Each structure stands twice: as structure tokens, then as C-alpha cells.
Amino acid sequence: MKKRNFAILTSGGDCSSMNMVLSTFVKRCLQENIQPYFVYDGYKGLYDGDIKKATSKDVMHIWNLPGTKIKSARFPEFKEESIRKKAIQNLKKFDIDYLFVCGGNGSYIGAERLSKMGVKVIALPGTIDNDIASSDFTIGFDSALNSIKDDIYKIRTTMESHRFIAFVEIMGRNCLDLTLDAGLCTEADYIITNANILKKEEILKLIKNIRKTNKESIVILVSELLYGIDGNPTLNEISEFVNKNIKEKIRINVLGYTQRASIPTAFDLKLSSELTNYAIDLALKNVHGISVGNQGFKYKSTPIEKANKMVNKNKKNEVIAFNKKNKI
Ligand code: ADP
């Protein structure tokens, strides 16, 4: 029987535990007598033909390393059909019959388009943002959350020593899960998300109210991409406004890429190895055009087109409930 060839790529923003996906993929393919391939730099490498056979040596002891050994890239050109056609020619050139894509919701759209063009694709949810509605959790979310939790604790400690106020800006693009869950696990004083963008006057009032209690430090979590765009003031402008009114400065902490490069948590490692094995189980049954994910303790597959139409749960009420302890 002809040997089968499976390929994998990582796409979009990197996240912790992508390397566990790669390691599990290579080891399981070799066990099944399938030749594993790596596609480097996401969809860009698919287009450029940067595709190489993967060996067990390539994945030796990488499982606990953050980042992605086969790199990731943003490649907006992949939206063009002609570019995808060339990428598909490369898959044919290497005689690859299955493509596994680990990435976020942009990568999922790319995977859907490839599937519609006849490629056998399975998508794995890999992003810190937790914005793939077909899976309760995305690979990398828990690791990022743990890293954020540690950073908030450090920031709180210094704020407390100096009786300072902090803004902590958290990633997540348009999904508020990281900010909400970071608030829930750190006893932050307030969270501001796309479900409750506050005006600078409201932030001033909030700070005045919290100062009336016996709290010495104040930690406010803010989702990224809210301030400094759409006519909203920047965090610096808010800090200056507060300073002008009550002679207090808000210390701004943008956690940035520290959130993406944390050592993976056990939860993420288990999720990524099990989802990868589950994806290969399905490929061996000739299932494709799907996304894999978890629902509670179970793993499930969803047609990729359906997965891309699913919307994330609206968590506005959870945000309101969290902030109830501090009134504005
Ligand atoms: P993420 O996958 O983390 O959400 P992006 O949104 O940047 O990250 O998407 C990753 C890549 O997926 C893009 O650089 C592009 O190559 C591909 N992609 C995104 N949107 C589309 C689309 N509409 N059609 C085809 N490919 C897309």
C-alpha cells in the first residue's frame, strides 16, 4: 500500500503548546506508518513550498517549549484564490493527502477555503484568545491566563507598596475571555472590556469611589484594542485626566507578548496532545473539512464551515456581575 503523507502548519498568533501539537503529530504519524511533513511559516510556507519531512529528532523534547518550532506568519495574500491554488499545487507536489492547521479564527477561514477547494483539512484551535466558539477552550488560553495571573500578582504587590493605581492591558483581540478570567482569578478591582467601555469621567468616578473604601491599591484590567481607537482616549490620556482631577496617576502596564510565551500549563499540554491524537483518529477514518475541540471533558468535531459561523457566548452579564462590587 502507498505510504500516506500528512502535513501540519501553525498559523496566526503563536501560543503555548503549539509545540506539543507538533510533537504529538509527528510521533503519532510515525506510529501509524504515515510520513509527517512540516509546513514552515504558516500559509506563507504553503505558498512558497517550504515543506519538509519531519523526524522524531525534530520534535525531541520540544513539548514544553512555548512558541512554535515551525514558525508562524501573517499572510493576508492567502485570501486570494490564485495564491491558494499555488499552495494546493505544492501539497500535490509533495503528495500530501491531509493538512492539519493549528491556529486562530483567521487561520480557520483559510482552512475552510482550502477545504472548499478540495484539500482534506483538519483544524485545531490554537490561540491564546479563546475565540473559537466550536471549542470550550483553545490551546494556549490557559497558559496565557496563568502567565497573566502571575504578572497581575506582581503588579498588585508594587501598587500596594506605593498605594498606586494600575491599568493592566490584556490581549484577546475582540474576545473578552482572557480579561474576564484574569479578573476572576486575581481579585482585580474592575475589568473594562468591549462589553463595558468606560468614559474617562466614569473611570475617574470609579477611582474616587474605590478610594473611599479602605483599599490602598487599585488594579483595573483593560482589554486590548479598546482605548486609543474609535475615538476613545488613550490610556495615557485617561491617566493625565485622572491626575489633573485628583492628583493621582494611573500606572499603565501593557503585558504584550509576555502573554504568548509562557511555559505551557498541564491543562494546555493535555488538551493539545489529546486533540491532536483525536484529529489523527478522524483522519484515519477519512473524516475531513472539520475542526476539533473540546466540550467539557469530551472531544468533538464540527464541520469547519459551521465552526466559522458559530459566535462566542456573550459574556456581558459575567462582566457586570464581576464589577458589581465597585460602583461607578
Ligand atoms: P489567527 O489565526 O490567530 O486568528 P490571523 O487572523 O492573522 O490569525 O490569520 C492567520 C492567517 O490566516 C492569515 O495571515 C492568513 O494567511 C489566513 N487568513 C486569514 N483570513 C483569511 C481569509 N479570509 N481567507 C483566507 N485566509 C485567511
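Note that the structure is a prediction, hence the values are computed from the model and not measured. Just follow the structure's listing: the first ligand is 1, and inside any ligand the first atom is 1. Values below: all heavy atoms of this structure, side chains included; hydrogens, waters and symmetry mates excluded.
- For ligand 1, one of its N or O atoms has an N or O atom of F75 under 3.5 Å away.
- Under the 30°/60° scheme for interplanar angles, the aromatic rings of F78 and Y43 are found to lie parallel.
- N5 and K53 share no side-chain donor-acceptor pair at under 3.5 Å.
- Summary of contacts: the protein heavy atom closest to atom 27 (C) of ligand 1 is G106 O, 3.7 Å.
- Listed for the E224 side chain is a donor-acceptor partner under 3.5 Å among the backbone atoms of G172.
- The distance criterion of under 3.5 Å between nitrogen or oxygen atoms is not met by G12 with respect to ligand 1.
- Residue G104 approaches ligand 1 through these ligand atoms, each under 4.0 Å from one of its heavy atoms: 1 (P), 2 (O), 3 (O), 4 (O).
- If you check which protein heavy atom lies closest to atom 3 (O) of ligand 1, you get G13 N, 3.2 Å.
- Contact annotation: for Y43 versus ligand 1, heavy atoms closer than 4.0 Å belong to the side chain alone.
- Nearest protein heavy-atom neighbour of atom 25 (C) of ligand 1: F78 O, 3.5 Å.
- With respect to atom 2 (O) of ligand 1, the closest heavy atom belonging to the protein is S107 OG, 2.5 Å.
- Taking the ring centroids of F167 and Y227, they lie at or beyond the 6.0 Å cut-off.
- Using cut-offs of 30° and 60° on the angle between ring planes, the pair F94 and Y37 is perpendicular.
- Ligand 1 has no atom lying under 4.0 Å from any heavy atom of K44.
- Taking only nitrogen or oxygen atoms, main chain and side chain alike, N105 reaches within less than 3.5 Å of ligand 1.
- Distance check: T158 OG1 to R251 CZ gives 11.0 Å after rounding to the nearest 0.5 Å.
- Counting heavy atoms under 4.0 Å from ligand 1, residue T127 does not touch it at all.
- With a heavy-atom cut-off of 4.0 Å, R113 touches ligand 1 through its side chain alone.
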Working for salt bridge (charged side-chain N to carboxylate O under 4.0 Å, His left out), residues D136 and K298: CA-CA 10 Å; D136 284 355; K298 288 205 177 103; over 6 Å; no
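- The residues D281 and R28 are annotated as salt-bridged, a charged nitrogen and a carboxylate oxygen being separated by less than 4.0 angstrom.
- Ion pairing between a basic and an acidic side chain is recognised when a charged N comes within 4.0 Å of a carboxylate O; K309 and E305 show such pairing.
- In the vicinity of R74, heavy-atom distances shorter than 4.0 Å reach the ligand 1 atoms 3 (O), 5 (P), 7 (O), 8 (O), 14 (O).
- The protein atom (non-hydrogen) at minimum distance from atom 11 (C) of ligand 1 is S11 OG, 3.6 Å.
- Using cut-offs of 30° and 60° for the angle between ring planes, the Y47 and F75 rings count as tilted.
- Contacts of E80 with ligand 1, taken as heavy-atom pairs under 4.0 Å, are absent altogether.
- The nearest protein atom to atom 26 (N) of ligand 1, hydrogens excluded, is given as G110 CA, 3.5 Å; this is a heavy-atom distance.
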